[in-house]
Amino acid sequence: MDLVFVHGWSVTNTDTYGQLPQVLGRLAEGEFELVVHHIHLGRYISFDDEVRLDDIARAFDYARLTVLGNKPFAAITHSTGAPVLRQWLQLFFSDEAINTCPLTHLIMLAPANHGSALAQLGKSRVGRINSFFAGVEPGQRVLDWLELGSTEQLQLNLQWLKSFKLGEGPLPFVLTGETIDKKFYDYLNSYTAESGSDGVVRVAAANLNFSYIKLMESRQSCDGFDSQCVVKLKQTQCITPQHDVAFEVINRASHSGKSKGIMASVTTGNAKQKPVVQRILQCLDIRTTAQYQQLSAQMSAANDSGQRKRFRGSMLVVRVSDDLGNPINDFDLILLSGANFVPGNFKKGFMLDRQKNSKNRHVMSFYLDSNKLAKISNGQLGLRVEPRPNSGMCYYRSAEFHSQPQQVATILKPDQTSVIDIVLTRLRDPALFTLVGTDHGGDFKQLNKS
């Protein structure tokens with residue numbers, strides 16, 4: 001087996017991998033039946049503003065063919081390295097071509113699969129956070145991809161959700177931490193010390209087990225929580241994973257750093273005490289889908305064993321557009337709960353963060369406390385969208401979605417992300433276009449003021 005390492009964003013030195021490559025090479029030949037023939041350290045440029053994730057994925061394919069040809073290989077990625085490899089899979093091995101893919105195992109460490117809340121801080125502010133990088137300015141295009149709810153990110157994730165089938169293509173594994181390394185605190189923002197995060201990537205944002213839900217206007221209306229008549233939203237589509245991706249939260253692991261970093265803290269001296277090392281070796285040793293499912297179950301059980309001690313968060317990514325495909329950039333989104341679907345029934349502190357994408361203003365991401373959401377009245381969840389314009393020549397109506405109790409378990413899962421598309425009907429005033437006789441001609445600009 002050839003093993004390829006792919007680092008994260010704005011890395012400038014291969015020492016970012018720490019001693020993990022050497023450790024795996026030595027242990028694989030000693031304690032495991034696994035044999036690693038060659039270890040290759042990826043080096044790519046992500047701090048140039050013109051470089052996009054798509055460019056890096058294409059450059060990886062060239063480098064891979066140059067060194068490995070079409071030989072089978074496994075990959076260990078860190079942070080943004082996971083989206084790079086997943087983008088490469090989509091570009092070169094989508095659909096039926098996945099069965100010809102030379103990648104056998106994709107082990108993702110602290111992957112930013114659903115982005116990072118830090119990305120919206122902006123290039124200059126993120127550049128000051130040592131947990132990302134040192135000595136260089138971050139690349140703007142990759143930073144744009146990493147922002148929660150970016151178009152390219154959602155496209156890649158939804159394609160993965162629809163196409164991933166266990167037994168076709170590489171075996172995927174996600175290992176992430178939720179420990180905060182105080183050395184990397186940024187006291188100007190709260191994201192580097194966020195609960196349910198490794199200081200850079202939320203557990204829910206790393207997890208590739210997620211759901212997609214589409215809500216559209218129905219012909220029915222109802223009284224909203226404020227007694228106003230609003231249109232009802234109905235669920236028209238719900239996509240959940242065909243197969244679970246093996247996922248585990250690693251104890252005492254932060255995003256980066258030599259003290260607690262999930263990758264960089266591994267040394268030849270402490271390797272046997274690092275749970276991530278043993279788990280990586282087990283992942284690399286998997287050969288069949290039955291073995292994969294068995295290990296995945298073990299990883300899931302490890303997550304649940306510390307449930308009472310561990311914070312669990314959920315991410316909700318909501319896109320609002322109309323039935324013609326136009327983004328609706330100006331809107332308010334209100335979460336509702338309880339039998340009467342009102343805003344005030346949530347436990348105090350249930351919402352930890354709300355963030356609109358700075359470039360795609362029709363996308364809003366919520367970060368919620370899963371434990372508090374589990375206690376919502378009647379186990380029912382809803383939302384109200386108030387779009388603008390709500391009057392004039394072209395406009396939209398306010399709408400509400402009221403879930404059934406069993407739907408909540410799909411919409412919001414601990415340690416996971418849900419993507420919701422809300423599609424509203426674009427309405428037009430009857431006076432927008434009229435046909436009149438010759439005796440009714442003349443100036444009609446006043447119609448726009450009626």
Side-chain angles (χ1 to χ4, degrees), residues 1-18 20-25 28 34-48 50-113 139 141-142 145-146 152-153 155-157 159-160 163-175 208 245 263 280-281 283-287 292:
M1 171 186 291
D2 282 64
L3 183 58
V4 174
F5 280 77
V6 181
H7 61 71
W9 167 55
S10 264
V11 168
T12 59
N13 197 302
T14 56
D15 64 7
T16 188
Y17 301 118
L20 183 58
Q22 295 88 332
V23 164
L24 293 179
L34 175 69
V35 176
V36 176
H37 297 292
H38 300 285
I39 292 178
H40 309 271
L41 305 182
R43 299 191 308 178
Y44 66 85
I45 307 300
S46 61
F47 43 84
D48 185 298
E50 290 307 311
V51 173
R52 302 175 185 271
L53 194 90
D54 180 87
D55 295 318
I56 300 170
R58 294 179 187 278
F60 170 78
D61 193 62
Y62 176 81
R64 187 262 310 182
L65 290 171
T66 301
V67 176
L68 297 174
N70 281 313
K71 288 172 56 180
F73 70 98
I76 295 176
T77 67
H78 181 248
S79 195
T80 312
V84 167
L85 264 290
R86 291 177 49 233
Q87 183 71 47
W88 168 74
L89 286 170
Q90 181 174 298
L91 287 171
F92 296 96
F93 298 98
S94 60
D95 300 325
E96 292 79 8
I98 192 65
N99 293 311
T100 67
C101 180
L103 179 61
T104 60
H105 300 69
L106 176 56
I107 301 173
M108 296 166 268
L109 305 181
N113 285 317
R141 298 298 175 266
V142 179
W145 191 100
L146 286 169
E152 297 82 2
Q153 178 193 117
Q155 180 184 30
L156 179 64
N157 288 334
Q159 179 63 30
W160 173 278
S163 63
F164 170 64
K165 296 178 182 178
L166 185 60
E168 297 183 5
L171 297 170
F173 307 84
V174 172
L175 305 174
L208 270 178
V245 174
M263 180 171 65
I280 289 173
L281 290 169
C283 293
L284 289 172
D285 209 29
I286 297 297
R287 294 293 180 271
Y292 180 89

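This chain uses plain numbering: 1 for the first residue, then up along the sequence.
- The two residues Gly8 and Ser79 have their closest heavy-atom pair at CA-CB, 4.1 Å.
- Nearest heavy-atom pair across Gly169 and Ile98 is CA-CG1, 3.5 Å.
- Once rounded to the nearest 0.5 Å, the distance linking CZ of Arg86 with CG of Asn157 reads 4.5 Å.
- In this structure, the separation between SG on Cys101 and CH2 on Trp88 is 4.0 Å, given to the nearest 0.5 Å.
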* Given side chain to side chain contact (heavy atoms under 4.5 Å, CB included), test Leu20 with Ile280 step by step and report yes or no. => CA-CA 10 Å; Leu20 183 58; Ile280 289 173; 4.2 Å; yes
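- A donor-acceptor pair under 3.5 Å links the side-chain atoms of Asp55 to the main chain of Arg52, judged by distance alone.
- Between Pro102 and Leu68 there is no side-chain heavy-atom pair separated by less than 4.5 Å.
- Residue Arg43 qualifies as open at atom CZ: its count of foreign heavy atoms under 6.0 Å is 12 or below.
- Using a 4.5 Å heavy-atom cutoff, the side chains of Val51 and Arg141 are not in contact.
- Between the CG atom in Leu41 and the CG atom in Asp15 there is a gap of 10.5 Å [rounded to 0.5 Å].
- Interatomic distance, Asp61 CG to Leu85 CG, rounded to the nearest 0.5 Å: 10.5 Å.
- Of all the heavy atoms in Ser46 and Val11, the pair that sits closest is OG-N, 4.3 Å.
- Side chain of Thr104 to main chain of Pro170: no donor-acceptor pair is present (N/O by atom type, distance under 3.5 Å, no hydrogens or angles).
- Across every non-hydrogen atom of Leu156 and Trp145, the tightest pair is CD2-CZ2, 3.8 Å.
- Among all heavy-atom pairs drawn from Ile76 and Leu24, the shortest one is CD1-CD1, 3.4 Å.
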* Can you list the steps and then say if Thr80 with Val6 is a side chain to side chain contact (heavy atoms under 4.5 Å, CB included)? -> CA-CA 9 Å; Thr80 312; Val6 181; over 6 Å; no
* To do: Any chance you could lay out the side chain to side chain contact (heavy atoms under 4.5 Å, CB included) test for Asp2 and Val36, step after step, and finish with the verdict?
  => CA-CA 6 Å; Asp2 282 64; Val36 176; over 6 Å; no
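- Taking 4.5 Å as the limit, every side-chain heavy atom of Leu91 sits out of range of all side-chain heavy atoms of Phe60.
- Of the possible donor and acceptor atoms, none in the side chain of His105 sits under 3.5 Å from a partner among the backbone N and O of Leu3.
- Ring orientation note: the planes of Tyr292 and Phe173 are tilted relative to one another, at an angle of 30° to 60°.
- No side-chain heavy atom of Glu152 sits less than 4.5 Å from a side-chain heavy atom of Leu53.
- Counting heavy atoms from C-beta outward, Val35 and Met1 have side chains that stay 4.5 Å or more apart.
- Under the 4.5 Å side-chain criterion, counting only non-hydrogen atoms from C-beta, Val4 is not in contact with Val67.
- Summarising the geometry, atom OG1 belonging to Thr77 is positioned 10.5 Å from atom CZ belonging to Phe5; distances are rounded to the nearest 0.5 Å.
- Counting heavy atoms from C-beta outward, Trp160 and Gln90 have side chains that stay 4.5 Å or more apart.
- Checked by atom type and distance alone, the side chain of Thr100 pairs as donor or acceptor with a backbone atom of Ala97 at under 3.5 Å.
- Using a 4.5 Å cut-off on side-chain heavy atoms (C-beta onward), Leu166 and Leu171 make contact.
- Proximity of the aromatic rings of Tyr17 and His78 is defined here by a centroid distance below 6.0 angstrom, and this criterion is not met.
- Atom CZ of Arg64 is surrounded by more than 12 heavy atoms from other residues, nucleotides or ligands within 6.0 Å.
- The two residues Leu103 and Leu106 come nearest to each other via the heavy atoms CD2-CB, 4.1 Å.
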* Derivation of the side chain to side chain contact (heavy atoms under 4.5 Å, CB included) call for Leu208 and Phe164 -> CA-CA 10 Å; Leu208 270 178; Phe164 170 64; over 6 Å; no
